[in-house]
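Have a look at the structure below before the remarks.
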Amino acid sequence: MKMQFIPIDYDYFDFEGRNYAKIIGRDDKGKRICIVDSCPVYLWAILKENLPEEKIDKLIKKIEKIKLDIKGRQTEVERVEMHSRNFLGKPVKALKIFATNYKDLHDVADKLDMPEIEKRRGYDLGYTTHYITEKQLIPLSWYEIEGEIITGDGFGGISNIDADICIKLETIEKIESEKDFTPKVLAFDIETDELKIGEGEILMISLVSDKLRKVITWKKTNKKLEYVEYVKDEAELIERFVEYVKKISPDFLTGYFSDGFDIPYLKARAEKHNIKLNLGLDDSPVKFHRGIFTTAEISGICHIDLLRFIETAYSQYMQSETLSLNEVANEFLNERKKDFEIKHSSKLDGKDWEKYFEYNLQDSILTFNLFEKFWPDLLEFSKIMQEPIFNISRNGMSKNVESYILHNLHKFNEIPEKRPTYDEIGGRRKREKYEGAFVFQPQPGLYEDICIFDFTSSYGSVIVTYNLSKSTLLEKSEKNSYSIEALGKKVYFEKKSGFFPEMLKEIIEKRKKYKQELKQKPDAIKNARSNAFKLLANASYGYQGFFGARYYCEEAAAATAAFARKAIKESIDKINQEGFKVIYSDTDSIAFLMSKKTEEQTFDFLKRLNDELPGIMELELEDFYKRGIWVTKRTGEFGAKKKYALISKGSKIKIRGFETVRRDWCRLARQVQNNVIKMILQEGNEKKALDYIINIVKQIKERKIDKKQMIIRTQLKKPISEYKAISPHVIAARKMQEKKLPIDESLIEYYIAETKGKKKLVREKVKLPDEKGEYNIEYYLNHQILPAVENIFQVFNINLKDIISGKKQTCLNDF
DNA sequence: GAAGTGGATATACC
DNA sequence: ACTGGTATATCCACTTC
């Protein structure tokens with residue numbers, strides 16, 4: 001049997017003691033195909049140097065005799081081969097030890113505690129990763145496959161699963177031409193009475209696919225809605241949900257926070273009713289993997305929790321202040337949730353229920369649309385990191401960097417490094433912070449004609465240029481090496497390029513290439529590809545300093561920061577020497593005054609600068625700006641770092657660090673500050689802004705501002721009881737707890753109210769948004785509005801405090 | 001009991 | 001525990017006089 005095939009979901013199973021990959025996918029006609037395949041299972045034993053041959057022969061014979069009988073399995077060493085490989089860039093002799101079952105490799109490794117063996121590696125990758133590496137498969141690419149159809153009890157009855165064809169794979173070959181694939185997607189969302197898992201009843205479940213829009217509920221209402229299906233009770237609701245998933249049989253089942261809420265909830269309620277949540281194609285129950293986050297896996301159907309993916313792939317560029325479905329859908333789709341105030345089901349009447357159904361359906365529609373939106377990203381991530389979408393969508397960037405490395409090691413003939421042990425991680429976490437980026441101390445003021453240069457992929461290009469990695473780190477000083485002062489000593493790296501910098505070089509090159517292609521002819525795939533490489537390049541520096549990394553290298557991470565500091569300081573000097581004036585710099589960017597020079601002269605100078613930069617390091621022009629403002633710190637007269645605002649020649653405003661961009665300030669303060677900054681940058685003076693602020697102060701004093709503008713939102717980052725310092729938002733959270741309001745991952749909202757009696761602490765004046773009370777004029781003036789704008793006016797030598805307190809009312813007439 | 005200071009906490013920048 | 005370090009600012013908690 002021969003056909004075209006695209007792999008989607010990866011799993012594995014044991015049959016007669018051996019491991020088999022079970023890959024679910026589609027053929028080019030949309031039929032569901034299950035392929036069964038196997039690959040050699042082995043680990044590496046790296047030998048000590050200069051072992052005599054007879055000793056190696058003896059060792060091999062000894063190893064070949066290893067047999068294990070554990071966990072109800074019999075595993076034995078089946079074959080041992082001698083190979084020349086690299087480990088951390090050094091040539092080594094290593095034994096490739098083939099064994100029966102991947103899951104027993106750890107135990108085989110334990111048996112290899114022999115004096116001739118230096119290190120044991122390659123037993124901790126996970127079967128799926130091992131399989132993909134071995135077969136060089138790229139997930140979600142089209143393949144031409146050939147194999148035998150499996151029927152009856154072949155491989156323990158695997159053909160009983162809900163697939164059109166099961167095949168034992170014989171050959172598999174990638175189809176090079178680009179070929180589209182449109183997955184079958186089902187989005188779902190549940191509504192419940194309580195937020196705590198399993199505590200309340202599931203009231204309804206919505207389901208959305210390209211052809212389906214449905215809400216299932218057990219709630220009887222007078223008006224029958226077309227898209228609502230009514231069932232008897234909660235038990236039937238869950239059963240019906242399972243039936244639908246089976247009937248639709250999607251490639252992807254997607255939810256929003258469904259790993260942490262919807263699926264665990266369904267599971268808990270199903271257990272209560274003694275129903276099985278057997279969603280798997282093989283009728284297996286949903287499997288939960290407990291880690292820091294629980295993940296829910298369905299055999300054969302790829303479950304995607306979009307929240308997790310959006311968090312790693314996009315949150316750093318997003319405008320949204322939270323990752324709530326509403327905000328995210330608003331930002332990416334320009335669509336919103338339905339307005340509906342959720343109440344306990346006992347407090348709802350007929351009309352409310354209809355709205356509730358609509359609300360529930362809309363959530364699934366948004367989730368479905370978000371899936372479509374992020375499908376190119378999921379696809380590209382999966383192809384680039386070469387891991388299944390299920391994992392890709394849940395892994396953080398450090399894991400993604402590591403996946404990329406592991407799947408590219410074969411190009412360097414490298415044996416994979418092991419995961420750090422628990423003790424190693426503990427040791428790494430205890431180490432002191434190393435010195436990081438350089439931040440220029442700015443002089444407060446309003447500046448005109450500013451230019452900004454940026455290092456492209458700054459840290460990445462430093463790692464590549466100076467070959468900084470675990471495998472290139474030298475133990476002692478060597479001639480002809482790269483060296484720099486870091487971690488309070490001199491560190492050295494060899495010049496012969498290592499596999500990690502080499503891989504990173506390719507990542508940066510690809511990023512450049514795809515960015516260029518994207519610019520020429522934009523589309524979603526190119527955007528996703530370009531973004532994926534950008535994220536990979538950016539995360540590579542952090543990876544080497546991350547305690548959980550296989551290729552952890554403190555020296556490399558510290559040296560990267562050190563070389564980057566050196567490079568930027570040298571560039572700053574050169575820019576100053578050229579006759580410009582540097583006014584600010586942070587990590588990889590430099591802002592300087594044009595000092596009457598033309599843009600052409602600046603470009604010319606940039607070219608010359610770049611010619612002098614080492615390796616692949618490169619500065620690029622970020623933009624030209626009309627004006628910019630830097631302010632003082634609240635304490636001290638120095639300029640504040642990481643806080644400035646710019647207006648470009650095209651009148652685009654860029655604000656960094658100011659309260660305007662901080663979500664833990666009330667909306668009024670943020671908006672007022674934003675307006676003040678805008679006026680000053682646009683007009684080039686403070687006059688209009690001063691009039692504006694005086695008017696705002698008046699309005700506050702006269703209580704003309706809507707209380708909604710005064711609400712402060714702060715995230716509760718741990719359980720209430722764990723707080724040592726009881727700050728206002730903790731009090732607000734306590735109040736919510738008393739009122740039995742849900743405290744989920746979202747922000748705590750409160751305002752500071754007028755109170756009777758002498759109350760000194762801010763937290764004593766905290767009220768929840770719907771608590772009766774009036775905003776505290778003194779607080780909002782002196783602790784929100786004034787702090788937000790006073791150091792902006794200070795740039796113009798205006799003391800707002802005096803003006804507002806009325807001390808210098810007369811000076812108003814001066815303007 | 002006021003004033004000063006350091007710690008805890010949240011959030012942003014790159 | 002799930003990339004890194006640098007930085008600002010608020011408000012509480014505690015010390016000191």
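So that the names make sense, note that chain A is the first sequence line, chain B the second, and so on, each numbered from 1.
- Taken from CD1 in Ile711(A) to CG in Leu668(A), the straight-line distance is 12.0 Å, to the nearest 0.5 Å.
- Look at Thr587(A) and you won't find any side-chain N or O under 4.0 angstrom from OP1 or OP2 of dC14(B).
- Within the 4.0 Å cut-off from OP1 or OP2 of dC14(B), at least one side-chain nitrogen or oxygen of Tyr644(A) is found.
- When Lys418(A), Arg429(A), Arg431(A), Lys430(A) are each tested for a salt bridge (Lys or Arg N to Asp or Glu O under 4.0 Å) with Glu424(A), only one passes: Lys418(A).
- At a threshold of 4.0 angstrom between heavy atoms, the contacts of Tyr723(A) are confined to the sugar-phosphate backbone, with no base atom among them.
- Of the charged side-chain nitrogens involved, at least one lies within less than 4.0 Å of a carboxylate oxygen, so that Arg550(A) and Asp124(A) count as a salt-bridged pair.
- The nearest whole Å value for the distance from the CD1 atom in Ile425(A) to the C1' atom in dA1(C) is 8 Å.
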Scoring nucleotides 8-14 of chain C by protein non-hydrogen atoms under 4.0 Å (B base, S sugar-phosphate only, - none) yields SSSSSS-

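- In this view, Arg394(A) and Asp259(A) satisfy the salt bridge (charged side-chain N to carboxylate O under 4.0 Å, His left out) rule, not counting sequence neighbours.
- Computed from C1' positions of five pairs at each end, the angle between the two local axes of the helix from dG1(B)-dC17(C) to dC14(B)-dG4(C) equals 20°, rounded to 10 degrees.
- Residues meeting the side chain to side chain contact (heavy atoms under 4.5 Å, CB included) test with Val795(A), sequence neighbours left out: Leu446(A), Ile629(A), Val631(A).
- The ring of Phe453(A) has its center closer than 6.0 angstrom to the ring center of Phe592(A).
- dA1(C) and dG5(C): their P atoms are spaced 16 Å apart (whole Å).
- When heavy atoms are screened at a 4.0 angstrom cut-off, Gly548(A) is found touching no nucleic acid atom at all.
- If you measure from atom NZ of Lys717(A) to atom P of dT9(B), you get 11 Å, rounded to the nearest angstrom.
- Atoms OH (Tyr422(A)) and P (dC2(C)) sit 14 Å apart, rounded to a whole Å.
- At a threshold of 4.0 Å, the pair Lys399(A)-Glu387(A) does not count as salt-bridged, since none of the basic side-chain nitrogens sits closer than that to a carboxylate oxygen.
- Every residue meeting the side chain to side chain contact (heavy atoms under 4.5 Å, CB included) condition with Ser585(A), not counting sequence neighbours, appears here in chain and number order: Phe438(A), Phe440(A), Ile568(A), Ile572(A), Ile590(A).
- Heavy atoms of Ala557(A) sit nowhere under 4.0 angstrom from any nucleic acid atom.
- Remark: nothing in residues 305-319 of chain A comes within less than 4.0 Å of DNA chain C through any heavy atom.
- For the P atoms, the distance from dC2(C) to dA10(B) is 15 Å, rounded to whole Å.
- Of the residues in residues 427-434 of chain A, those with a non-hydrogen atom less than 4.0 angstrom from any atom of DNA chain C are Arg429(A), Arg431(A), Lys433(A), Tyr434(A).
- With sequence neighbours excluded, no residue forms a salt bridge (charged side-chain N to carboxylate O under 4.0 Å, His left out) with Lys383(A).
- Distances shorter than 4.0 Å separate none of the side-chain N or O atoms of Tyr584(A) from OP1 or OP2 on dC13(B).
- Between Gln544(A) and dT3(C), a side-chain N or O to OP1/OP2 separation shorter than 4.0 Å is absent.
- Every residue meeting the side-chain hydrogen bond (donor to acceptor under 3.5 Å, both in side chains) condition with His289(A), not counting sequence neighbours, appears here in chain and number order: Glu297(A).
- Residues Phe533(A) and Ile507(A) approach most closely at O-CG2, 3.5 Å, considering heavy atoms.
- Atom CZ in Arg670(A) sits about 11 Å away from atom C1' in dT11(B), given to the nearest Å.
- Comparing dT6(C), dT11(B), dC2(C) against the side chain of Gln715(A) picks out dT11(B) as the nearest.
- The CD atom of Glu554(A) sits 13 Å away from the C1' atom of dG5(C) (whole-angstrom rounding).
- With sequence neighbours left out, the salt bridge (charged side-chain N to carboxylate O under 4.0 Å, His left out) criterion links Glu331(A) to no other residue.
- In this structure, Gly542(A) reaches the bases: a heavy-atom distance under 4.0 Å links it to at least one base atom across the strands shown.
- Taking Ile616(A) as the reference, Ser461(A), Val464(A), Thr465(A), Ile508(A) meet the side chain to side chain contact (heavy atoms under 4.5 Å, CB included) condition, with sequence neighbours excluded.
- Under 4.0 Å is where a charged nitrogen must lie from a carboxylate oxygen, and between Lys512(A) and Glu618(A) at least one such pair does.
- Contact annotation: Lys718(A) reaches the phosphate of dT9(B) (side-chain N/O to OP1 or OP2, under 4.0 Å).
- The salt bridge (charged side-chain N to carboxylate O under 4.0 Å, His left out) pairs that include a residue from residues 710-729 of chain A are Glu321(A)-Arg713(A), Arg713(A)-Glu749(A), where partners are two or more places apart or lie in different chains.
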